[in-house]
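Heads up, the thing below is written out as structure tokens.
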Amino acid sequence: MQVSSASPARDLMLVDLDAFYVSVERARDPALVGRPVIVGGKPSERGVVACASYEARQHGARAGMPLFQAARCCPRDTVFLHGDHRAYVEASRQVMQILGRFTPRVEPLSLDEAYLDLTGCERQAYAKGAVPGWHSWMKTAETIQRTVFEETALPISIGVGPTRTVANVASALAKPRGILEVRANEAPAFLAALPLGYLPGAGPRMRDKLARFNLETIGDLAAVPEDVLASTFGAVGVTLSRRARGLDADLDRAPIGERAPKMRTISRATSFARDTIDPDVVGGMLSYLTQRATAALREERLLAKAVGVTLRYSDFQTVETRRRFREPTACVRQILERVDAIWPKRWDRRVKLRLVGVTLYDVFAEKEHQLDLFESPGFKAARLDERLDDAVDHIRKRHGFGALVRGRATALIERVPRTPHGFRLQTPACSR
DNA sequence: TCTGGGGTCCTAGGACCC
DNA sequence: TCTGGGGTCCTAGGACCC
């Protein structure tokens, strides 16, 4: 494949941890090795599979599948685990640290994936005895794979290619514990034969639409002129067209490791154990979630410009209301007030709710914000709020989040035996 | 006993201003 | 008196990813 002269070919890798959550659990408890394992919860609970071991996948279990359904298709000795997010974050940090030894240009995509740019690392590789003339990244990839496994016991797969897109697709085909290198001149043929499901950004909805035009493979899509896809599907069409041809979408074109940090969102949401129509439960849960989201915001010294409240009805209809603040804030009282002003109005159907959530939008670092607090009329009140919030943060740091919860949320916190992830939450509807 | 939770990005329509 | 466009901000919703 010819890559345009504006973006000279690069040597990129996608490193992807195999069945990440399950692998971390197995590293901690080797008795799980070889058995079907599902992380996500117990079969009796309302929830879905977050990660299924390859043994469980053989029986049909998949990420996203409801737990009870996974239990039905898996053998009786399948182990169901809740998972431990903190352990996964720590494992991910360790792996990323190892990857950083091979190149400074590392770009984590999620906890279990990262792009590496190895362009210009040839000299080092040659010195280690690779064949001169052309370079295969096989040896380097094998070294990375071995090092990660030796130091963390976590298996990885690696895709190597000239663009993010090609490396990404290659890694999917390499799984599990594989390495697949696709050189620039092989990329078009490699991609063309694959079903559209392998193309990043072509989800189920888009594939349905494309199927109506008889487009089934990546090659089919690559054959359609870009402007046709652009006029039919807008920006998404352009992205897919580029990726189908092995190029990176505009989103991905910044050099690896140099993508500008974005404004982020912070959200906390929960499904009730049982759908509820009790306003005290809904209000209490939203208060609790608001405090959790705001605590995460404050922990990183961030401010939010807007807040959103999400309600999901029993029939799965989902609605959200977003409101901007006059000034960016991390003040718990202000955010709670806004949330409380939103949800009673938005809950306008006489239908039970199954999920509620709170999202903080347009989040950015406090230090980037020019505070003109001194001039504002609410200065004194703001200072008091701030000192109260600081004190609460301090206590929570020492005794855990559940040690101090405001207002209506307190009714919802029932102290069940402590788990490694802190307090479990139950709604009055399901507590005895 | 259907369908988690935490994210990113894109778009459409209305308000409002010039 | 009637009829315009752009540009930008804000809100709501949808698709996708892990």
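The shown structure was predicted, so the numbers you read here are calculated from the model rather than taken from an experiment.
- Checked for salt-bridge contact, A/E107 and A/R164 meet the test: a charged N lies under 4.0 Å from a carboxylate O.
- Of the candidates B/dG7, B/dC9, C/dC16, the closest approach to any side-chain atom of A/R268 belongs to B/dG7.
- Between the C1' atom of C/dC18 and the NE2 atom of A/H85 lies a distance of 11 Å, rounded to the nearest Å.
- Rounded to a whole Å, the CG atom of A/L360 is 13 Å from the C1' atom of B/dG6.
- By the stacking rule of 5.5 Å between ring centres and under 30° between planes, A/F68 does not stack on the base of B/dC2.
- Contact annotation for A/A202: backbone-only contact, meaning every heavy-atom pair under 4.0 Å involves sugar-phosphate atoms and none involves a base.
- Counting only heavy atoms from C-beta on, A/T265 has its side chain closest to B/dG7 among B/dG7, B/dC10, C/dT11.
- When the C1' atom of B/dC9 is taken as reference, atom CZ of A/R259 falls 12 Å away, rounded to whole Å.
- Between A/S271 and B/dG5, a side-chain N or O to OP1/OP2 separation shorter than 4.0 Å is present.
- Contacts of A/V319 with the nucleic acid, taken as non-hydrogen atoms under 4.0 Å apart, involve only primed sugar atoms and P, OP1 or OP2.
- Nearest to the side chain of A/P204, among B/dG6, C/dC16, B/dC10, sits C/dC16.
- The side chain of A/R323 has C/dT11 as its nearest neighbour among C/dG13, C/dC18, C/dT11.
- Regarding contacts with the backbone of B/dT3, a side-chain N or O of A/R46 is found under 4.0 angstrom from either OP1 or OP2.
- The nucleotide whose nearest atom lies closest to any side-chain atom of A/D112 is, among C/dA15, B/dG7, C/dC18, C/dC18.
- Between C/dA12, B/dG6, B/dT3, one nucleotide has an atom nearer to the side chain of A/V48 than all others, and that is B/dT3.
- Contacts of A/R354 with the nucleic acid, taken as non-hydrogen atoms under 4.0 Å apart, include base atoms.
- Of the possible donor and acceptor atoms, none in the side chain of A/D385 sits under 3.5 Å from a partner among the backbone N and O of A/C331.
- With respect to A/E226 and A/R245, a salt bridge is recorded, a charged nitrogen being found less than 4.0 Å from a carboxylate O.
- Taking atom CE on A/M206 and atom C1' on C/dC17, their separation rounds to 15 Å, with Å as the unit.
- Here A/D315 does not pair with A/K352 in a salt bridge; the nearest charged N to carboxylate O distance is not below 4.0 Å.
- C/dC18 and B/dT3: their P atoms are spaced 23 Å apart (whole Å).
- Per the geometry, CG belonging to A/L240 stands 9 Å off P belonging to C/dC17, to the nearest Å.
- The A/A235 side chain lies nearest to B/dT11 when the options are B/dT3, B/dT11, B/dG6.
- Within 4.0 Å (heavy atoms only), A/L355 reaches sugar-phosphate atoms of the nucleic acid but no base atom.
- In this structure, the side chain of A/R323 does not engage the main chain of A/A306 through any donor-acceptor pair within 3.5 Å.
- One atom, OH of A/Y313, and another, P of B/dT3, lie 19 Å apart when rounded to the nearest Å.
- No salt bridge links A/R264 with A/D362; every basic N to acidic carboxylate O contact stays at or beyond 4.0 Å.
- Distance from the side chain of A/R346 is smallest to C/dG13 among C/dG13, B/dT8, B/dG4.
- Under the 90° criterion around 0 for the glycosidic angle, B/dC2 counts as syn.
- In this entry the distance linking CG of A/L111 with P of C/dC17 reads 18 Å, nearest Å.
- Under the Watson-Crick or G-U wobble criterion, with both distances below 3.5 Å, C/dC17 is paired with B/dG6.
- Among the atoms of the strands shown, only primed sugar atoms or phosphate atoms (P, OP1, OP2) are found under 4.0 Å from some heavy atom of A/E113.
- The residue A/L251 sits close only to the backbone: its heavy atoms come under 4.0 Å of sugar-phosphate atoms, none of a base.
- Map A/G47 and A/S44 each onto its nearest nucleotide of DNA chain B; the residue landing nearer the 5' end is A/S44.
- The base of C/dG13 sits within donor-acceptor range of the side chain of A/R322, with an N or O pair under 3.5 Å.
- The distance between atom NZ of A/K209 and atom C1' of B/dC10, rounded to the nearest whole Å, is 12 Å.
- A/R333 has a carboxylate O that lies under 4.0 Å from a charged side-chain N of A/E337, or vice versa, which qualifies the two as a salt bridge.
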